[in-house]
Amino acid sequence: MKLATKFNLVLILVLLAGFAIAGVSSYTILQKNARQEILDRANIMMESALAMRSYTVKEVRPLLTVQNKRQFLPQTVPAYAATQTFNQLREKNPEYTYKEATLNPTNPRNRAADWENDVIQQFANNDKQESLVGERDTPTGPALYFARPIRITDPACLVCHSTPEAAPESMLKLYGPANGFGWQLNQVVGAQIVNVPMDVPTRHARQAFLTFMATLGGIFVFIVIVLNILLRSLVIRPVVQMSALADRMSKGEENLPEFNEQGKNEIAVLGAAFNRMKRSLERAISMID
């Protein structure tokens with residue numbers, strides 16, 4: 001096996017190992033970053049919902065207290081306000097969803113689905129768990145969900161949700177006495193759940209990964225070509241020239257040119273030694289003659 005072949009074989013194996021390590025590392029990092037980006041979006045949605053709930057309680061509800069006694073206004077309910085706000089968002093971004101999933105809701109649209117029931121039960125079984133993150137398949141593709149528990153910590157909430165007799169008459173006229181009652185203080189009755197699509201960030205991560213690997217592959221090919229050019233010009237060609245001169249000397253040829261020993265590198269030192277050997281051999285032959 002020639003020197004260039006051995007060199008290229010070792011070089012390619014080393015570069016392939018580096019290519020594989022770089023590929024695994026970059027893919028892992030990009031996927032992790034994509035997931036973090038999705039989670040950041042979910043956090044922003046959740047904080048927006050909390051802000052809307054707070055705004056409704058502090059600024060909207062007090063202004064409509066009198067009207068609420070005559071006719072119940074859902075707009076004064078924090079959950080309703082937050083849900084309606086995100087329904088506006090979904091008109092242009094239907095893959096994003098927000099729901100205040102509840103086991104026994106006053107408004108039927110908030111009733112928890114089967115998988116949402118499981119999320120609520122996890123919060124109910126663990127009082128210290130403040131959030132939950134997971135993945136699920138949806139009709140529009142995989143999505144990441146971020147959930148927080150809805151826990152009754154304000155006794156004022158029980159006015160509308162303890163018993164039908166304690167609830168405002170205007171609310172009973174709108175929703176009836178069958179749902180949304182029996183809640184207790186410190187009970188987990190539901191969960192705020194936002195769903196954020198994973199398709200776009202993960203697709204961008206895959207595209208970035210492919211671009212990076214293609215660029216890295218091009219760089220490795222360039223390195224192989226450059227190193228082969230340097231190997232041939234600095235090592236192989238001088239060695240081949242010395243080998244050819246040595247072969248001609250061994251066959252008895254005379255007046256052969258000396259090897260060009262320019263520079264101070266190892267090949268030049270070897271060439272100088274070769275020239276001294278050539279001159280010594282020529283003097284020895286001339287003395288014999």
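When hydrophobic clusters are built by joining Ile, Leu, Val, Met, Phe, Trp and Tyr residues whose side-chain heavy atoms come closer than 4.5 Å, directly or via intermediates, Phe222 is grouped together with Leu15. Following chains of ILVMFWY side-chain contacts shorter than 4.5 Å, one cannot reach Leu103 starting from Val189, and the two form parts of different hydrophobic clusters. Residues Leu230 and Val221 do not share a hydrophobic cluster, defined by chaining ILVMFWY side chains whose heavy atoms lie under 4.5 Å apart. In this structure, Val24 is not a member of the same hydrophobic cluster as Tyr27, with clusters built from ILVMFWY side-chain heavy atoms closer than 4.5 Å.
The closest side-chain heavy-atom distance from Trp183 to Asn104 is below 4.5 Å. The shortest side-chain heavy-atom distance between Leu50 and Gln192 falls under the 4.5 Å cut-off. Residues Gln31 and Arg206 form a side-chain contact, since some pair of their non-hydrogen atoms from C-beta on lies under 4.5 Å apart. Between Met213 and Ser26 the shortest side-chain heavy-atom distance falls below 4.5 Å. A 4.5 Å side-chain heavy-atom check between Arg109 and Thr83 finds at least one atom pair inside the cut-off. Within the 4.5 Å cutoff, the side chain of Leu132 has heavy atoms near those of the Phe123 side chain. Taking the side chain as every heavy atom from C-beta outward, Ile120 and Val188 approach each other to under 4.5 Å. With contacts defined as side-chain heavy-atom distances shorter than 4.5 Å, the pair Val77/Phe72 qualifies.
Note on Arg148 versus Glu47: salt bridge recorded, some NZ/NE/NH1/NH2 to OD/OE distance being below 4.0 Å.
Looking at Asn126, its side chain does come within 3.5 Å of a backbone N or O of Lys128 through a donor-acceptor pair. Remark: the backbone N or O of Ala34 is not paired with any side-chain donor or acceptor of Glu37 at under 3.5 angstrom. Remark: side-chain polar atoms of Thr202 are paired, donor with acceptor, to backbone N or O of Asp199 under 3.5 angstrom.
Summarising the geometry of Pro62 relative to Thr56, their closest heavy-atom pair is CD-O, 4.4 Å, with the distance given to 0.1 Å.
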I would like to know whether Glu100 and Arg53 meet salt bridge (charged side-chain N to carboxylate O under 4.0 Å, His left out); could you show each step before the answer? CA-CA 11 Å; Glu100 302 215 359; Arg53 289 172 62 93; 2.6 Å; yes
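The CG atom of Leu30 lies 8.0 Å from the CZ atom of Phe209; values are rounded to the nearest 0.5 Å. The distance from the CG atom of Asn186 to the CD1 atom of Ile152 is 9.0 Å, given to the nearest 0.5 Å.
Looking at Asp40 and Gln36, their side chains do bring a donor and an acceptor atom within 3.5 Å of each other. For Arg90 and Tyr98, the side-chain atoms include no donor-acceptor pair closer than 3.5 Å.
In this structure, Gln207 places its CD atom where more than 12 heavy-atom neighbours from other residues, nucleotides or ligands lie under 6.0 Å away.
Partners of Glu116 by side-chain contact (heavy atoms from CB on, under 4.5 Å), not counting sequence neighbours, listed by chain and number: Lys99, Ala101, Ala112, Ala113, Ile193.
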